[in-house]
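Just below is one structure, and these are the notes that go with it.
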There are 2 protein chains.
Amino acid sequence: MLRATNAVKSKLVNQWVVFEAIRIHGPLPRIAISETTGLSKQATSDLVDELLALGFVREEKSGERRVGKPPKPVAIHPDGAYTIGFHVDFGRAAAVVMNLGGEVRHREARPLSSVDAGRVAQDLAGQVPALLEQAGIDTSRFLGIGLATPGPFGVPSMSPPRLPGWDGLILRQALREATGLPVALANDGQCAVTAEWRFGTAARKLRHFVYLYLGNGLGSGIMTNGSAFGGANGNAGELGHTIAVPGGHSCICGKHGCLETYVSVDSLTRYLGECGVEMHDMHRIENELSASHPLVTAWLSEATEPLRSGINTLENLFDPQTIMFGGDAPAWLIEALIERVEPLYDSISLTNRQLPRLMRADLGADAVARGAATLPVLAMLDPQYRHLGDSDGELVGG
Amino acid sequence: MLRATNAVKSKLVNQWVVFEAIRIHGPLPRIAISETTGLSKQATSDLVDELLALGFVREEKSGERRVGKPPKPVAIHPDGAYTIGFHVDFGRAAAVVMNLGGEVRHREARPLSSVDAGRVAQDLAGQVPALLEQAGIDTSRFLGIGLATPGPFGVPSMSPPRLPGWDGLILRQALREATGLPVALANDGQCAVTAEWRFGTAARKLRHFVYLYLGNGLGSGIMTNGSAFGGANGNAGELGHTIAVPGGHSCICGKHGCLETYVSVDSLTRYLGECGVEMHDMHRIENELSASHPLVTAWLSEATEPLRSGINTLENLFDPQTIMFGGDAPAWLIEALIERVEPLYDSISLTNRQLPRLMRADLGADAVARGAATLPVLAMLDPQYRHLGDSDGELVGG
DNA sequence: TTAATAAGTCATCTTGACGGATTAATTATT
DNA sequence: AATAATTAATCCGTCAAGATGACTTATTAA
C-alpha cells in the first residue's frame, strides 16, 4: 500500500538527501549543500547539525581563502560508524569491517566446509567479536551486519551453483539468532551494485545502471533511482537462469542453455574438468591459468556469444545508463570477456549516451562484501531502505 | 539527484495516497480512509474536503444503518475529470475520451495513411475538438492528452515494426505544437501496464507485475511500486528485441532471432505471406483466421518456445507477482499462446505465489489508449509522475 | 427519554521548512 | 588603521501541515 507521510518522515528524507549530497559531492560548506539539495540555508544548517551530533559527518578545515566569512566544509566522518559485511558463497566466507567512508578496516576470508546454514551461521557469529577486535574500532559505533549470498531466496527448487538446498533466508535467520544483531540480507548481485553505486567513481553519480556479476554463477544487480531493484520477492536480476542457448547445456534448474552454464566460473571449471583439468578452486584458476591458455580460449569463444546476448537483454529490458561488469571471478577472465564481447549488439541503449555501454566495474573482489556492509547504513539512513531495519526484516527492494 | 521535500510536497503525496485509497478500496467513509492510509482522522478529513472541492471525489449515500453517526462514503467522482488517450501504431490511430473513473465516454479509430509524425500530429490535433464534442463532456474538466506509440524513443537505429523512422518523441512534440495542450508520452507496453494496474480487477492491488503486450510487435511494461518502470530513457521493457533464437530470423534491428520475429502479429503476417496468404490488416487476421487454421497452428508451434523463453527471462529478471498477457492482437491468438506456453519453465517465480504466474490481461483492445488517457491524471496527481507535467516533458519513469 | 456508539469537526499543539534580518569572519579599499 | 565589501552561517519569527484529544452530531438500542 502507498504510505502517507508527515513532517517527521519528511525530515528523515531530507536528512538522507543532505547526507548523500555531502557523500557524493565531497566536503561541502552548508551553503553549497543548500544549493545542491534545494533546501533553505536554515533547514540545511539544522540537518547538518544533527548529522554532526550523530557523528556521521564532521567539519573540515576550510581550504581556499576568499573574501567573506570562510566556509566550514562538512564531510562524511569516515569513522562515524562501522558495519560488518559477510559475503558467503560456495566454500568461502569473506568478511569486511567497513567504516562509514567505505574504507575496509579489516578483511578476512575463510574456507567454509559446510553448506548447512545453521553451522555457517554459528561460524560467522563466532567471528564477529574477533573481527571487531582486530579492526580496532570503537564498538559503540557498530551498526550491524549485512549479509550477501547467492540467490534466489525462498525458491527451494532453484539453488545457487554448487550449493544445493542453500537459501539465504535461512542463513539470515540463523545468523540473527546466533548474534542477536540485526542482519540485512541481499543477493550478491544486489550487494555488488550497491557497492559500486556508493564507492565506484563512475557509478556514484548514476541513477539507473546494471551490474553484471561474474562469480561462481552469473547474477546481476539493477540500481534504479538509488535503490537496488528487487521485484516482488527480492530475487530480481537472476540473469544466470535466462535462456541464452535453446537446447544448450543442461542446468541445475532443470532447463537447458541457461546463460550461467556458459558464462560463469562454474561453467569454466566444468569445461576444464571435461578436458581433464580439475581446478575447483577459483584462486587456482586465477593464478595458474590465463586468458591465453588454450582451454580458456576455447571456453571464452563459447561464452562470448551467450554473454553478448545477455547484455543485449539487460539493455533492452532495463534501459540502463551503463552496464558495469565485475565480480569475484579472476580479473583477467572478466577483462577477456569484456574485450571479446565487443562489438555489442544494437539495442535501445544506442541513444543519448554519456558513458560507454559496457564498463569494467571499479571495485575489486570484495565489492560484494562491501555492498553487504553498506546495507546496515542504508537501513538506518535511507528512507527507501528503512524497511531493512524492521524486525521481520524484508529484503532489498522486496 | 535526490530531491528534498517539505510540508507542501508532503501534502501532495498524502492527497494522492487518499485519492488512491478511495479509488482502490471503493467508496469509503473518512474514518476508513484514515485507517487504510495511516493518516489521522483530521488530516484525512481535510484532504478529502480538498478533493471534493476539486471535484475528483464525491460523497455517496450511506448504505448500511448501524448504531452511531452514519458514515458518508466518499468515492471517485467518475466525471470529475476527462482526458483523451491516443494509441498510434502502424496504419491506425485509436482515440478514447475517458473520465476519471476510467470509463470510456467516446472511442474512435481511424486508419492512418502517413508515417510522418508532423502529418499524424495534425490529424490527431484536428480530431480533438470533435472528440470532446461527441463525448458530450464538460470541457472545463478536460485535463490533457496522453499519447501511446510503440518504442523505443530516441533511438534512430531502431524503429517499431513497419514504422521505419518513427519516433514517439517527435510525434509528441508535433502534437504539443499543434494542439497547444500538454501531451504525456509513454510506449504501448507502459500504457497497457498502467491501464491494467488502474482498471484491471486483479492487477489493481499488485505492486510488482509485468504486462506482456502482443501487438504488431512484442513489448512489455513493468509496474513496480506503483509506477511504470522506464529506466534511464523511458525505453525499458523492450522485450521484442531480446534474442530468443540465436541465429534465427533476421530482424529490422539488425540482429537475428529477436523474440519479436517469432512472437508478434507482424511475425504471423510475414509467416502467412511467405505461405502465400497476404493478410496485412490485423482485423482481417482476427476475423478470417483462427488458432485452428493450419498455417496459424504451424506459426504457433514455432512461436511457443521463444515465448516460453521470453516469459522465463521476464520472471528471472523482474521477479514479478504475476505476468499479465494482453495486447491488441486477436484475442484468440493471445489465448492460444497462453494455452500452448504452459507448462512454464522453472524460475524464481516458483515462490510465495498468490496468483498464477501467467494471466490473461483483463482489459481488451483499448487498454493502451486507456493507459495513455491515464497519463494526464497521473501527471496531475501522482507525485511519482509529476514530472510528466513539466514543460519539457519527461517520459514515464525516465 | 436516555444511554451508547460511531463519524466527523474544532481547537490546540508540535514539527519542520522557509525567509529576512543579523552576526561573524574574512579580504579589499581608502 | 579604519572602513567597506563580501560571504557564510545563524537567529528569530512565520507558515503549512499533521497529530491529538475533546467535542459535536447523528443514529440505534434499551
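As the structure is a computational prediction, the values presented were derived from the model and not from experiment. Proteins get letters first, then strands, A, B, ... in listed order; numbering begins at 1 in each.
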A:Leu52 has an atom CG; how far is it from atom C1' of D:dA9, in whole Å? 13 Å
Could you tell me how far apart A:Leu47 (CG) and C:dG16 (P) are, to the nearest whole angstrom? 9 Å
Among the candidates D:dA8, C:dA17, D:dT10, find the nucleotide nearest to the side-chain atoms of A:Ala43. C:dA17
How do B:Leu12 and A:Ala32 order along DNA chain D: which one's closest nucleotide is nearer the 5' end? A:Ala32
Assign a letter to each nucleotide of nucleotides 21-30 of chain D from its 5' end: B, base within under 4.0 Å of a protein heavy atom; S, sugar-phosphate only; -, no contact. -B--BBBSS-
Among C:dG16, D:dT10, C:dG8, which nucleotide has an atom closest to any side-chain atom of A:Val8? C:dG16
Assign each of B:Arg30 and B:Thr5 the nucleotide of DNA chain C bearing its closest heavy atom; nearer the 5' end lies the nucleotide of B:Arg30
Nucleotide of D:dA16, C:dG16, D:dA19 approaching A:Ala7 most closely (side-chain heavy atoms): C:dG16
What class does the angle between the rings of B:Phe318 and A:Phe318 fall in, given that below 30° is parallel, 30 to 60° is tilted and above 60° is perpendicular? tilted
CD of A:Glu50 versus P of D:dT10: gap in Å, rounded? 13 Å
Would you indicate what B:Asp46 reaches in the nucleic acid, counting non-hydrogen atoms under 4.0 angstrom: base, sugar-phosphate, or nothing? nothing
Does a nitrogen or oxygen in the side chain of B:Asn6 sit under 4.0 Å from OP1 or OP2 of C:dG16? no
Would you say the side chains of A:Ser10 and B:Ser10 form a donor-acceptor pair under 3.5 Å? yes
Over how many whole Å does the gap from A:Ile31 atom CD1 to C:dG19 atom C1' extend? 13 Å
Side chain to side chain contact (heavy atoms under 4.5 Å, CB included) assessment of A:Glu20 paired with A:Thr37: CA-CA 9 Å; A:Glu20 285 292 280; A:Thr37 60; over 6 Å; no
From NZ of A:Lys72 over to P of D:dT7, roughly how many Å is that when rounded to an integer? 18 Å
Round to the nearest Å and state the distance from A:Lys11 atom NZ to C:dT14 atom P. 16 Å
B:Gln321 versus B:Arg207: any side-chain heavy-atom pair under 4.5 Å? yes
Length of the line joining B:Glu35:CD and C:dA7:C1', which is rounded to integer Å: 11 Å
Given the ring of B:Phe199, does B:Arg370 sit roughly above its face, with NZ or CZ under 6.0 Å from the centre of the six-membered ring and within 45° of the axis? yes
For a 4.5 angstrom cut-off between non-hydrogen side-chain atoms, does B:Met223 reach B:Thr194? yes
If you measure from the Lys or Arg side-chain nitrogens to the Asp or Glu carboxylate oxygens, is any gap between A:Glu60 and A:Arg58 under 4.0 Å? yes
Starting from P on C:dG16, measure out to CG on A:Asn14 and report it in whole angstrom. 10 Å
